[in-house]
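Below is one structure, written out as structure tokens; comments come after it.
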Amino acid sequence: MMDISVVTPLYNEEESLPELAAWIDQVMKENNFSYEVIMVDDGSSDDSWETICRLGKTNANIKGIRFQRNYGKSAALNEGFKAASGNVVITMDADLQDSPDEIPALYKMIVNDNYDMVSGWKKKRHDNTFTKNIPSKLFNMVARKSSGIKLHDFNCGLKAYKQKVVKTIEVYGEMHRYIPIIAKWSGFRKIGEKTVSHQARKYGVTKFGWERFINGFLDLSTIMFVSKFGKRPMHFFGLWGSLVFFFGLIIWIYLFIAKFAFQKYNMTDRPLFYIGIISIVIGVQLFLAGFLGELISRNSSIRNSYLIEDKSGL
Ligand code: UDP
Ligand code: MG
């Protein structure tokens with residue numbers, strides 16, 4: 001079996017690719033690894049694809065996948081994972097910010113220390129402090145607290161996996177920021193971290209602007225919700241629907257008693273009346289959302305990736 005598959009998602013990185021390919025090749029040769037590099041061209045509009053084809057002609061370990069348009073880093077990783085056949089799968093950005101020199105140590109952590117996945121930590125980061133480093137600290141703190149996974153740098157592009165992990169998980173939307181969470185939720189619990197060196201971008205420009213943080217937090221809430229209630233949405237919507245509904249009902253019972261037993265108020269003059277109506281309506285809505293959620297989750301098979309241990313050896 002091949003030792004390592006390196007998966008590199010790339011979007012308009014033509015200048016970096018030759019250097020990256022040569023560097024990876026050198027590291028692999030020095031360590032006697034059998035390997036492949038799967039370069040996933042995420043719909044580049046520059047000459048990235050021509051460059052990949054050219055590199056593939058001189059080095060048979062380099063393979064390419066090309067998207068017709070830009071689908072995003074997550075989709076690129078997902079396709080690369082499907083194609084990967086190495087025992088250990090390593091993902092790496094194509095822009096030379098991640099160093100191929102880290103590959104042997106990551107490989108050893110998977111093979112010798114039996115980690116399911118190891119995430120890089122760009123401890124000393126060479127990006128803009130205000131647009132990247134500070135928001136990223138905040139983002140990682142929230143991800144750490146809400147997922148219970150003790151990583152400093154969830155979104156690091158440099159990661160290593162057992163092959164089994166990448167064949168089980170599905171990365172879609174912009175979920176590449178949360179692969180450790182997706183992996184944990186699929187049942188892979190041994191997740192490690194390794195500090196990795198990080199360079200400033202040598203060529204080209206960053207492909208993610210400040211919107212990344214808004215999208216990032218929205219995706220985090222999706223992940224947390226889906227991992228907890230994805231298969232049982234009624235337990236979330238039903239609970240909140242009932243609470244809100246009964247809150248409204250109690251208000252109304254109180255208002256009725258106040259009106260008919262004590263003849264005190266004109267019901268519609270009281271703010272409570274409106275709060276009661278709104279609560280009842282929202283409660284019913286939440287309940288209906290729960291039913292719809294159940295119908296949808298019943299019909300979706302694609303998001304159900306179960307981890308099944310192979311017992312054939314027993
Ligand atoms: N990338 C991609 N598709 C996209 C955006 C980015 O494949 O839609 C790749 C990009 O070419 C690079 C990696 O994802 O190899 C990380 O992107 P970038 O370096 O722009 O992110 P940053 O390092 O600024 O966080
Ligand atoms: Mg980069």
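Order of listing sets the numbers, starting from 1, for every ligand and every atom in it. Computation of the quantities below employed the complete heavy-atom set of this structure, encompassing side-chain atoms and omitting hydrogens, waters and symmetry-equivalent molecules.
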### Message
Can you confirm if the aromatic rings of F246 and F287 lie within a centre distance of less than 6.0 Å?
### Response
no

### Message
Hydrogens and angles aside, do T51 and E14 bring a side-chain donor and acceptor to less than 3.5 Å of each other?
### Response
no

### Protein residues having a heavy atom less than 4.0 Å from any atom of ligand 1
P9, L10, Y11, E13, D42, N70, G72, K73, D93, A94, D95, Q97, K132, R201, T206, K207, F208, R212

### Query
Using the ring of each side chain (for Trp, its six-membered ring), is F236 parallel, tilted or perpendicular to F225, with breaks at 30° and 60°?
perpendicular

### Task
Any chance you could lay out the side-chain hydrogen bond (donor to acceptor under 3.5 Å, both in side chains) test for Y71 and E79, step after step, and finish with the verdict?
CA-CA 11 Å; Y71 282 91; E79 286 311 305; over 6 Å; no

### Query
Which word best sums up how the rings of F273 and W252 line up, parallel for under 30°, tilted for 30 to 60°, or perpendicular for over 60°?
parallel

### Message
Within the 3.5 Å criterion, strictly below it, is a donor on S297 or R232 matched to an acceptor on the partner's side chain?
### Response
no

### Query
Is the backbone of V171 close enough, under 3.5 Å, to the side chain of N78 for a donor and an acceptor to pair up by distance?
yes

### Distance filter under 2.8 Å, centred on the Mg ion (ligand 2) - protein N, O or S atoms that pass it
D95 OD2, Q97 OE1

### Message
Go through it in stages, so that I can follow the logic: the residues are K162 and N87, the test is side-chain hydrogen bond (donor to acceptor under 3.5 Å, both in side chains), and I'd like the CA-CA distance, side-chain angles, deciding distance and then a yes or no.
### Response
CA-CA 6 Å; K162 278 187 183 149; N87 183 26; over 6 Å; no

### Query
Under 3.5 Å, is there a donor-acceptor pair between the side chain of S48 and the main chain of S44?
no

